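Just below is one structure, and these are the notes that go with it.
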Amino acid sequence: MSGPSRLFFALWPDEALRGSLVPLLKLQRGCGGRPHPPANLHLTLNFIGSIEAQTRDCLEQAADAIVLPPFALTLDRFGYWPRPRVVWLGCSETPSPLAALVGALNAVVEGCGLQPERRPYHPHLTLLRKARQMPMVEAPTLHWLVDAFVLAESLSTPAGVEYRVLRRWCLRNGDR
Ligand code: ATP
Ligand code: MG
C-alpha cells in the first residue's frame with residue numbers, strides 16, 4: 001500500500017562535483033537566506049509532481065527507451081530569482097544534448113498522460129532559498145560530465161525536504 005509520491009527527473013552530482021558545490025553554500029553570508037542541505041544539491045530536468053505508482057511505472061518504462069549520449073555541462077553563472085528568492089548556479093549556455101534530454105523527458109511525461117512543462121527550461125542548481133540578493137562575486141567554472149539522469153522522490157520530513165534517488169539511467173550512444 002503506497003500512496004502518491006512527489007517525483008522529478010534530475011541530474012545528480014557525483015561526490016566530486018558535490019564537493020565543489022558545497023563551498024558555494026557559504027554565499028549565504030552575503031546573500032542571506034537558507035542554504036540547501038549539501039545532500040539535496042541537484043539539477044531538475046523535469047518536475048512531475050504527485051503521482052500514483054502506476055504512473056511511475058509508465059514513466060520508468062518510457063524512460064528506459066531514451067537513448068541519448070553523455071555530454072559536458074559547464075556551470076559558470078549565478079542567478080537570482082526574486083520571487084522565490086532563490087540563488088542558483090547555472091550555465092551561460094544550455095548544451096543542446098541537455099535540451100534534447102529535457103525534451104525527451106517532456107515527451108515521456110506527456111506520453112504517460114501528465115501535463116508537460118510549457119515554460120522555457122532554465123537549468124539551475126538551487127543553492128539558497130529566501131535569499132536577499134544575487135551573489136556579488138563571480139561564479140566558479142565547474143565542468144560536469146553528465147553520464148546519467150535520475151528519477152528522484154521529494155519527501156517532506158520534520159527536518160525539512162529530503163530527496164531520494166529512485167532510479168538511475170545511463171546516457172549512452174545508440175549506434176554501437
Ligand atoms: P519545498 O517545495 O519544500 O521548498 P523543494 O522545492 O526543494 O522543497 P519540491 O517542491 O519537491 O522540493 O521540488 C523538487 C524539485 O523540483 C526542486 O528542484 C524544485 O525546484 C523543482 N520544482 C518544484 N516544483 C516545480 C515546478 N512547478 N516546476 C518546475 N520545477 C519544480
Ligand atoms: Mg518546491
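Since the model is a prediction, treat every value here as computed from it, not as a measurement. Atoms within a ligand are numbered from 1 in the order they appear, just like the ligands themselves.
- In terms of polar-atom proximity, T126 is not counted as a contact of ligand 1, lacking any N or O under 3.5 Å from an N or O of the ligand.
- The nearest protein atom to atom 6 (O) of ligand 1, hydrogens excluded, is given as R129 NH2, 3.3 Å; this is a heavy-atom distance.
- For a threshold of 3.5 Å applied to N or O pairs, the pair formed by H36 and ligand 1 contains no separation below that value.
- For the residue pair T141 and H143, no side-chain donor N or O sits within less than 3.5 Å of a side-chain acceptor on the partner.
- Evaluated by nearest non-hydrogen atom to atom 20 (O) of ligand 1, the leading choice among T44, L125, N40, N46 is T44.
- Near S154, meaning under 4.0 Å from one of its heavy atoms, ligand 1 places the atoms 9 (P), 11 (O), 12 (O).
- Ligand-side atoms of ligand 1 in range of R6: 9 (P), 10 (O), 11 (O), range being under 4.0 angstrom from any heavy atom.
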> For W144 and L43, what are the C-alpha separation, side-chain angles and deciding distance, and is it a side-chain contact (heavy atoms from CB on, under 4.5 Å)?
Replying inline: CA-CA 12 Å; W144 192 353; L43 190 147; 4.2 Å; yes
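- In summary, the aromatic rings of Y163 and F8 are positioned with their centroids under 6.0 Å apart.
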>> Assess the residue pair R56 and E60 against the criterion (salt bridge (Lys or Arg N to Asp or Glu O under 4.0 Å)); give the C-alpha distance rounded to whole Å, side-chain angles, the decisive distance to 0.1 Å, and a yes or no.
In response: CA-CA 6 Å; R56 175 179 159 189; E60 291 195 31; 2.6 Å; yes
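- Within ligand 1, the atoms closer than 4.0 Å to a non-hydrogen atom of F8 are 14 (C), numbered from 1 in the order shown.
- The presence of a protein heavy atom under 4.0 Å from atom 2 (O) of ligand 1 is ruled out.
- The N/O atoms of H124, backbone and side chain alike, include none that comes under 3.5 Å of an N/O atom in ligand 1.
- Residues W88 and H122 keep their aromatic ring centres 6.0 Å or farther apart.
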